[in-house]
Amino acid sequence: SCRYDAGNDFDSDTVCADVDSCPLDFENDADSDAVCGNLDTCAYDADNDGDDDGICGDVDSCRYDAENDADSDSICGDVDSCMYDADDDADSDSICGDVDSCSLDGENDADSDDICGHEDS
């Protein structure tokens, strides 16, 4: 019984409301972000959707990539060196395929004939 709590521990967390920092949250701010669970849009994500993509971090496969792996290569954009190139610079010329004019030619048309090396005979 909670002597100074008219709701008598309304959230049933064994902490009386007069000393409970989250009197309506049974888990008492489970993610420790200073927002009680009953008010927290991401109750289990301390960053509260850190990439602002509408998916809480505790269920977001790319918690710091708002585009959620835009090129679908299973590497989140925040750590993907070629975030819009699913082949991740297939020709290893340090130019991502989405901006590489010769994405399969590591020498990038070395003979300058406007025909990429993998197509040049």
Side-chain angles (χ1 to χ4, degrees):
S1 173
C2 295
R3 186 176 190 178
Y4 302 105
D5 173 7
N8 199 29
D9 187 22
F10 185 79
D11 63 2
S12 301
D13 63 356
T14 69
V15 181
C16 297
D18 59 314
V19 293
D20 191 344
S21 58
C22 292
L24 300 176
D25 176 11
F26 173 80
E27 294 179 291
N28 293 312
D29 188 19
D31 61 5
S32 301
D33 64 354
V35 181
C36 296
N38 59 305
L39 302 173
D40 197 340
T41 56
C42 293
Y44 301 104
D45 174 13
D47 292 328
N48 290 315
D49 186 19
D51 62 4
D52 214 21
D53 63 356
I55 304 169
C56 295
D58 58 309
V59 294
D60 190 344
S61 59
C62 291
R63 63 183 305 149
Y64 299 110
D65 174 12
E67 295 182 85
N68 294 308
D69 187 21
D71 62 5
S72 300
D73 63 355
S74 299
I75 302 170
C76 296
D78 59 311
V79 294
D80 191 345
S81 59
C82 291
M83 62 189 296
Y84 300 111
D85 174 11
D87 295 321
D88 292 312
D89 186 22
D91 62 5
S92 301
D93 63 356
S94 299
I95 303 171
C96 296
D98 60 308
V99 295
D100 190 344
S101 59
C102 290
S103 63
L104 298 175
D105 176 7
E107 295 180 1
N108 293 307
D109 187 24
D111 61 5
S112 300
D113 63 356
D114 293 325
I115 301 171
C116 296
H118 71 286
E119 298 169 355
D120 204 350
S121 50

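Here Asp9 contributes atom CG and Cys2 contributes atom SG; the two are 5.0 Å apart, rounded to the nearest 0.5 Å. With rounding to the nearest 0.5 angstrom, the OG1 atom of Thr41 is 5.0 Å from the CG atom of Asn48. Atom OG of residue Ser103 and atom CG of residue Asp89 lie 9.5 Å apart, to the nearest 0.5 angstrom. Asp31 CG to Tyr44 OH: the interatomic distance, rounded to the nearest 0.5 Å, is 9.0 Å. Put simply, OH on Tyr64 and CG on Asp51 are 9.0 Å apart, with the number rounded to the nearest 0.5 Å. The distance from the CG atom of Asp45 to the CZ atom of Arg63 is 5.0 Å, given to the nearest 0.5 Å.
Within the 3.5 Å criterion, the main-chain N or O of Cys82 finds a donor-acceptor partner in the side chain of Asp80. Between the side chain of Asp5 and the backbone N or O of Asp18 there is no donor-acceptor pair closer than 3.5 Å. Put simply, the side chain of Asp49 gets close to the backbone of Gly54: a donor and an acceptor are under 3.5 Å apart.
Between Asp69 and Asp65, the shortest heavy-atom contact is N-OD2, 2.7 Å. When all heavy atoms are compared, the tightest approach of Asp91 to Asp105 is OD2-O, 2.9 Å. Of all heavy-atom pairs between Pro23 and Ala17, the closest is CB-CB, 3.9 Å. Contact record, Ser81 with Cys96: O-SG, 3.5 Å, taken as the closest heavy-atom pair. Taking each heavy atom of Asp71 and Asp85 in turn, the nearest pair found is OD2-O, 2.8 Å. Minimum interatomic distance between Asp60 and Asn68 (heavy atoms only, all atoms of both residues): OD1-OD1, 2.9 Å.
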Inset, instruction - Before giving the answer on side-chain contact (heavy atoms from CB on, under 4.5 Å), spell out for Leu104 and Asp87 the whole-Å C-alpha distance, their side-chain angles and the decisive distance to 0.1 Å. - result: CA-CA 10 Å; Leu104 298 175; Asp87 295 321; 5.7 Å; no
